[in-house]
Amino acid sequence: MASCCSGVSLRSCFLSSDISPELDALWREPPYALAGANEHYPGNDIMTTGKGEDDQPPEQNVEAEPEPGPEPGSYWKEKAAFCKGSTVSLAVGERFSSDVLLLFRGRRRCSGEPDSGLQEALRTRLRVVESNSQDVIQLFKDLSARLLSVHAEKDRFVITFKTVEEIWKFSTYLSLGYVARSLENFLCDQTFWLDSALLSDVEISVTVDEEHLATLYLGLLLQEGSFFAKALYNSEHAEEEDLVYRKNDLLVVRDTGQESMWEGALLASCQHGLVPVHSMQPLPYPFYQWFLRKYPVTAGSPLVTKAQFDHPVVTGTCVALVDHNPLGLDELQFSRGDLIEVVGFLLTGLNVFIGRHFSSGQTGFVQKIHVRPENVRPLDGQLVFLSEEERAALSQINPCDEQYHTGLLNKLSTTDISTVYRLDRLDESDFPYIKNQPKEEPKPPVSARQSLFLEKSDSPSYPSSPRISLYASQSLLEREYEALSFSLDDTFKEMDEFEEDAAIFLEECSCDGEEAELCDPTLTLLNQDHFQEPFLELYDLSYSFLGTSFSGFQEEELLLHLESARETAKKTRMQWALRRVCFLLGRLCAKKSKYSQARVYLEEALGVPVNGFADRPLLIALYTNLTAIYLKQRMAEKLPLTLEKACALMLGLPQHSFCSADEFEVLKLVLRRAVVEGDRHLEARACYLAVRLFLRVRKPEDALPFVERLQFLTVSLSEEAGRPMAPVDLNWMLSRLYHRKYLPFLSLAALSLDSASDRGLPDAFQKIELFIKNSVRLNPQWREGTSLVPAQIVVYLQQALSIAGGDGDLRTQRDLCMSLACVYQQHGALGRAVQSAQRAVFTGAGMSEEEGFEASVLLAWLLVLTGEAEAAAVTLRPLLQSLHETDSPAQRGVVYNLLAMCLRKEGCVREAGRHFHCALQISRENGNKRNEALALANLGCLALSVGAPRLAERFLLRALRLFQDLAETPTDGEHVQAFLWLGRSYRDRGRTQDVRVSYEMALLIAISAENLHSQMVVAKALSHLYSDLLLHGQCIIYYEHCVALSRELKDKRQEGEYLEILSTLYLSLNTEKSSRKSLDYTKQSLRISIDLGKREEESETWLQVGRIYYLIQEDELADMYLQAAVKTALRVNDPYFAMSIYEEAGDVFFKGHRNRLSALPFYRDGSLPFARSVKDVQSEFRLLSKLTELLMNQEQNDDALQYAVLAVQVSTTTGDRLKERTAFHRLATVYFSLRQFELAENYYLKSLSLSPAVLKHPREAQYFVKAYCRLGDLTLHKLKDAFDAAGYFYLALAAALEDPENPRALSGVYAKLAEIHANHMPDVELSQGYTDSGQALWDQPAGHTDEPAGHTDEATASPGMQADRKQPGVPPGSTLNEHEDETGTQNSGLSQPPCLNTHFKTCK
């Protein structure tokens, strides 16, 4: 992208008067340099302005001629590189990036302070939706941006733009607040919309890099070839190829490759030539570029004269500065000093206004330069540029033709709570509420719920709710453009006199010759010297006079008739008739695009010497139509005669009535003038008229850009003036326009921003309908009944409720409260649902008893769901008493059914059964099969709750037979629940096969009804069933179905839980294929944990992936995922959690058979420092023990010694003698491995000295046998002390004798003693005795033998030993013969027997 000027900064290109806060994201002072920074331009850096913002005030920049900039510098030499490159850049070289960062922040509305809780929730939601990138892409596609990437952790989106139009639309949405509100609608969780306090306190703000976006915009202008610019001053001198222009001329320019010159063409004259770059200012707003490109204007605009007015739009009185004798018939004559009242508005952007002479009362055109303000005042702060009538009419315009209907609203608000029984809940595993698949049911008669608007004629005490038939009676809401239509049929349909005149008006005169001319009724009617209401049909936009006043003529015949009337009017000097006939002839010619003929007729009409302001609508129509024709025919020489007056009539008089679609030609010129002069009040008024015109001719797509611009101008003008509110809120109109263009995100954003306070109840219901329709577009599942109603609808229901409360409409208030209660119930906000139902009951109490019944029953049902059975019973009992006096059996049955639920929860089983039976009898008497089935199912539930499964089975089977016959009614949820209860009755009696059949039947029903919630409940029950039966294959199938349902419901939390279960199940199959399947599911669960921002779960899932990789022998990947687990754990800022993750990561290698040394850094550098920092001595001891064992197994005994010594030191602080004994035993083993046998003997004896004095179980003697045998071997073979060795073996013999169930150990001791007395301490008799004893033990049956001393296994371990082996930090599988470990030491529970002590001392 090339730069647009050389030697001049953008401060001189973009004058401050032209730069308004339109999307502060685009322009804000100081603007950005296109040149003027060339001396700093290194070729690849972003340019900076030549001067700071404070160097020169913006006001001086507006008036002063720009100073010559420095010589064209290096940028223009680098422009060739841009032209060849593909990257959009503007005076910034090739490194300029077209990526734009969009940051979002959650903050408090009142203080603007960040809200960390909301921000984290937004990040979590973004991580969730990021996995389904299509939703995010569609969001930004609606916002006219191209999404490149999402960075949830950095709270940003990266977007880009490829065209100026994309930047224009996005910046418009950004300034109107639609980008922030769209993100709010997209990212906020459903629970956010249910909390009204939170909703009113927090919001989302978005920011972009304004300089970057502005630079990108200017670069795209150049890239697209040509764009529009404004001349900053008059051309100083012209060479042959140079273009001559004046200050503020509009040009279309393009870069021709020259360093300091562009090629330009004047819009007014289409003359071409070269223009200096530094003298051109590109129009700053993308809207201007779009408008001038789409609606080119070739005529020039006269210069606006300066005047002494302080405000752009004023009313009041002025004083004449000169004597003025009018040249035109419609100009006002006045003398110097005369007071002139402003009629309508005086716009300082126009040269002419309409004034009324105070003395004479005459009205006419006044030149603004001929007066000075005397007693003028600006418009009211809430109007800015509109009259009160215009503002009210604009807010009521409906721009769309779409007819609203009741279907979606009925689905939300109707309820059968007063006629259909409800199903009880046995426990928390049942459905929280039955949500059935909506099906078409017979609609209630209209008389049951007639519309509010249909009952007005009957004047009832309380009009019925518009809930059902509101949109069927939308005639009040759907009268398109009624505020702007003018029709004689509507105005005079009740005037019989006019009906008679109309007939005469249309008949051919029966007179002959001159009499015929004199008695022509057409001329008689048209010759009124003042305006009359019937004349409106002659001037309106729809040519309605062709179908009313002149309905008997074809157009050609009418032209001939009017031409004849024109000649007659001339002859008879009927001036007003002549003017009106010429005008009609001009209109008909213009309708046929015969503009030259039309111009002649209209000029003749204006030349008729009458007081034009006596018929102001005709005068407006004449000037606007004639000026439009001049513009179409490019008759610049005649424009000054009519243009200013036409502008004054169109823009200066409120409630302008359009006569022709060609009037937009005038508005185009006015808009261009507003662009040149920077007059945003004039621009706003022109946009307002353009909106009205396009909507009037049913072109809403053409109106949309002007509505957006007008909304921006109203807001920005109000902000500049310090007013708290805009003059008119167009968000309601924009929402409907966006809906028409199928832009649901924008439609919802505009709808949520609508803050107009004059909305009525019909508007409130239309907003609900519009919200539902756009929500369905974003989530089609809601239309299909597979998803809940969006919780955001609560906002619009509450708005409608507030309006209904102000109107005193009790019935509508009650219905809206019930709708709110239903929505709250669906989203699990039962507390708020109860509050809404209580308000519905209170409101219904002011009406008839029948009206309050439905609300009371709903309240009772909600109280049952919340567990407040006693309060529900208090609500229901008065209803039951009142119903005994009426003939309402269905309602009585409903109350019996709910009251029975309350009694069951209160423990009154017998009373509950009696009430259920009453409900059953009533349903049978009425022939209501559905209620009968529900009552039977509730009786089955009652039987299950008291432990009577056989009785429950009988009730449930009867209920299921009835449900089977109700396939066409919405009962699938209830049908499914009955099957689940039937399965439970079978389970209680051990009939597993029947349980399976019941559950699978329930699943088939839920699938056939496409009820996702029911499928989820049943699939989960089936999974648990097969898990209990250890049928993992079937269990996996149903859990996979749960995963699919969770994805369809977009419930990431449940999906992650089921994925973890599936991973565990596949891993338990213990095959390579199943392990890899487990790995895949664990990775999917990991992605969800990351999306949900649950750091602890994420870390544990990283750890599980590492474990699986280790199992499938991919150690490098295992180590990588374990490292990721600990890094994630460190971000949790919980030292205990980080310590546990480090230890578990080390355990993966420590407990395995490969690369065990890889556990060392996790223990030594991770867990151990954390354990010391939090002073967790138990964990520290365990880790030191693991480190010792690990290093010993790797034969790194010197390092192991350090940790063994530390373990001994720590063990003394744990207060656990078992851990202390274990530490000494392990230290002795290390010394033994280091061949320091004296120290080893010392610490073995220290370990034995810490043994308990009482033997709890004979098998605990095994540790003493092993320990003394080890000491005996050590002293005999290493220390060469046979005497001491014999003593240790005698102690081992005493310990072995305490465990008669282990003869092998005793045999081993006998063998050792026999060896000593045979070889080291010769005693043949003793040696033979010990040999015979040992042999006798070996000869015992195999069932009574055990392993030799020094060996043990799990089966022979004592209970204490088994418990010790389960302790963390005790590595399994080690024995005293192989570096005795903690396990062996902890098995000790036997003190030295006194007899052995005595014998040992004797031997000594």
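For the pair Glu603 and Arg579, the salt-bridge criterion is not met [side-chain N within less than 4.0 Å of a carboxylate O]. Classification of Arg372 and Glu374 as a salt-bridged pair holds, one side-chain N sitting under 4.0 Å from a carboxylate O. Under the 4.0 Å criterion applied to side-chain N and carboxylate O atoms, Glu683 and Arg673 are not assigned as salt-bridge partners. Using a 4.0 Å cut-off between charged side-chain N and carboxylate O, Arg685 and Glu390 make a salt bridge.
Note: Met650 CE to Glu663 CD = 5.0 Å, rounded to the nearest 0.5 Å. For the atom pair Gln333 CD and Asp338 CG, the distance stands at 9.5 Å (nearest 0.5 Å). Taken to the nearest 0.5 Å, the OG1 atom of Thr172 stands 10.0 Å off from the CH2 atom of Trp290. With rounding to the nearest 0.5 Å, the separation of CG in Asp540 from SG in Cys659 is 7.5 Å. Atom CG of Leu626 is separated from atom CG of Asp662 by 12.0 Å, given to the nearest 0.5 angstrom. The OG1 atom of Thr348 sits 12.0 Å away from the CZ atom of Phe353 when rounded to the nearest 0.5 Å.
Of the possible donor and acceptor atoms, none in the side chain of Asn625 sits under 3.5 Å from a partner among the backbone N and O of Ile629. Looking only at distances, no side-chain donor or acceptor of Arg356 sits under 3.5 Å from a matching main-chain atom of Gly361. Between the side chain of Glu331 and the backbone N or O of Gly364, no donor-acceptor pair lies under 3.5 Å. When atom types are taken as modelled, the side chain of Thr624 and the backbone of Ala621 share a donor-acceptor pair closer than 3.5 angstrom. Formation of a donor-acceptor pair under 3.5 Å by the Asn234 side chain with backbone atoms of Lys247 is found in this model. Formation of a donor-acceptor pair under 3.5 Å by the Asp702 side chain with backbone atoms of Lys699 is not found in this model. The main-chain N or O of Asn731 is never found under 3.5 Å from a side-chain atom of Ser735 such that the two would form a donor-acceptor pair. A distance-only check finds no donor-acceptor pair linking the side chain of Asn375 to the backbone of Gly316 [under 3.5 Å]. In terms of modelled atom types and a separation under 3.5 Å, the side chain of Glu644 and the main chain of Pro640 share no donor-acceptor contact. The backbone N or O of Leu730 sits less than 3.5 Å from a side-chain atom of Gln711, completing a donor-acceptor pair.
Annotation for Arg580 and Gln528: closest pair NH1-O, 2.7 Å, computed over non-hydrogen atoms. Taking each heavy atom of Leu682 and Leu347 in turn, the nearest pair found is CD1-CD2, 3.8 Å. Heavy atoms only, all atoms of each residue included: Phe345 and Leu379 are closest at CE2-CD2, 3.6 Å. Taking each heavy atom of Pro700 and Arg740 in turn, the nearest pair found is CG-NE, 3.2 Å. Contact detail for Val342 and Cys318: the closest heavy-atom pair is CG2-SG, 4.1 Å. Here the closest non-hydrogen pair linking Ala229 and Val253 is CB-CG2, 4.2 Å.
At a threshold of 4.5 Å between non-hydrogen side-chain atoms, the residues Leu394 and Leu710 count as touching. You'll find the side chain of Phe227 stays beyond 4.5 Å of the side chain of Val252, heavy atoms only. Side-chain contact between Phe358 and Thr317 is present, with at least one heavy-atom pair separated by less than 4.5 Å. Side-chain contact between Leu250 and Arg672: present, with at least one pair of heavy atoms (C-beta onward) separated by less than 4.5 Å. Taking 4.5 Å as the limit, some side-chain heavy atom of Tyr217 sits within range of a side-chain heavy atom of Pro286. Side chains of Phe385 and Thr714 form a contact here, defined as non-hydrogen atoms less than 4.5 Å apart. Side chains of Glu341 and His357 form no contact here, defined as non-hydrogen atoms less than 4.5 Å apart. Considering only heavy atoms from C-beta on, Lys230 comes within 4.5 Å of Asn248 through its side chain.
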* side chain to side chain contact (heavy atoms under 4.5 Å, CB included) assessment of Met635 paired with Arg599 -> CA-CA 11 Å; Met635 303 182 70; Arg599 172 173 51 81; 3.4 Å; yes
* **Worked verdict on Thr315 versus Leu346 for side chain to side chain contact (heavy atoms under 4.5 Å, CB included)** => CA-CA 6 Å; Thr315 60; Leu346 188 157; over 6 Å; no
* To do: Test Val610 against Gln575 for side chain to side chain contact (heavy atoms under 4.5 Å, CB included), laying out the working first.
  => CA-CA 7 Å; Val610 294; Gln575 304 294 354; 3.5 Å; yes
* Decide side-chain hydrogen bond (donor to acceptor under 3.5 Å, both in side chains) for Tyr288 and Arg709; before the verdict, give the C-alpha distance in whole Å, the side-chain angles of both, and the deciding distance to 0.1 Å. => CA-CA 10 Å; Tyr288 295 161; Arg709 181 67 180 171; 3.0 Å; yes
* Asked: Run the side chain to side chain contact (heavy atoms under 4.5 Å, CB included) check on Phe545 and Leu584 step by step: do they pass?
  -> CA-CA 10 Å; Phe545 66 89; Leu584 292 177; 4.1 Å; yes
* **His656/Phe658 under ring pair (Phe, Tyr, Trp, His ring centres under 6.0 Å): CA gap, chis, key distance, verdict** => CA-CA 6 Å; His656 173 66; Phe658 290 99; 4.8 Å; yes
* Could you check Phe583 against Tyr539 for ring pair (Phe, Tyr, Trp, His ring centres under 6.0 Å), going step by step and ending with a plain yes or no? => CA-CA 9 Å; Phe583 168 73; Tyr539 314 142; 5.7 Å; yes
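Geometrically, Lys591 engages Tyr543 in a cation-pi contact, judged by NZ or CZ lying under 6.0 Å from the ring centre and within 45° of the ring axis.
Taking the six-membered ring where the residue is Trp, Phe531 and Phe535 present perpendicular rings, their angle passing 60° and hence far from 30°. Relative orientation of the Phe706 and Tyr295 rings is tilted, given thresholds of 30° and 60° on the angle between their planes.
Residue pairs satisfying the ring-ring contact (aromatic ring centres under 6.0 Å, His included) criterion with at least one member in residues 609-640, sequence neighbours excluded, are listed as follows: Phe365-Phe613, Phe365-Tyr623. Among pairs with a residue in residues 319-341, those fulfilling ring-ring contact (aromatic ring centres under 6.0 Å, His included) read His324-Phe334, His324-His370, at least two apart in sequence or across chains.
Under a cut-off of 6.0 angstrom, the local environment of NZ in Lys592 is crowded, with over 12 non-hydrogen atoms contributed by other residues, nucleotides or ligands.
Side chains of Gln633 and Ser596: a donor on one and an acceptor on the other come within 3.5 Å. Defined by atom type and a distance below 3.5 Å, a donor-acceptor pair is present between the side-chain atoms of Ser755 and Asp729.
The side-chain contact (heavy atoms from CB on, under 4.5 Å) test with Glu708 is passed by exactly one of Phe287, Tyr178, Tyr738: Tyr738.
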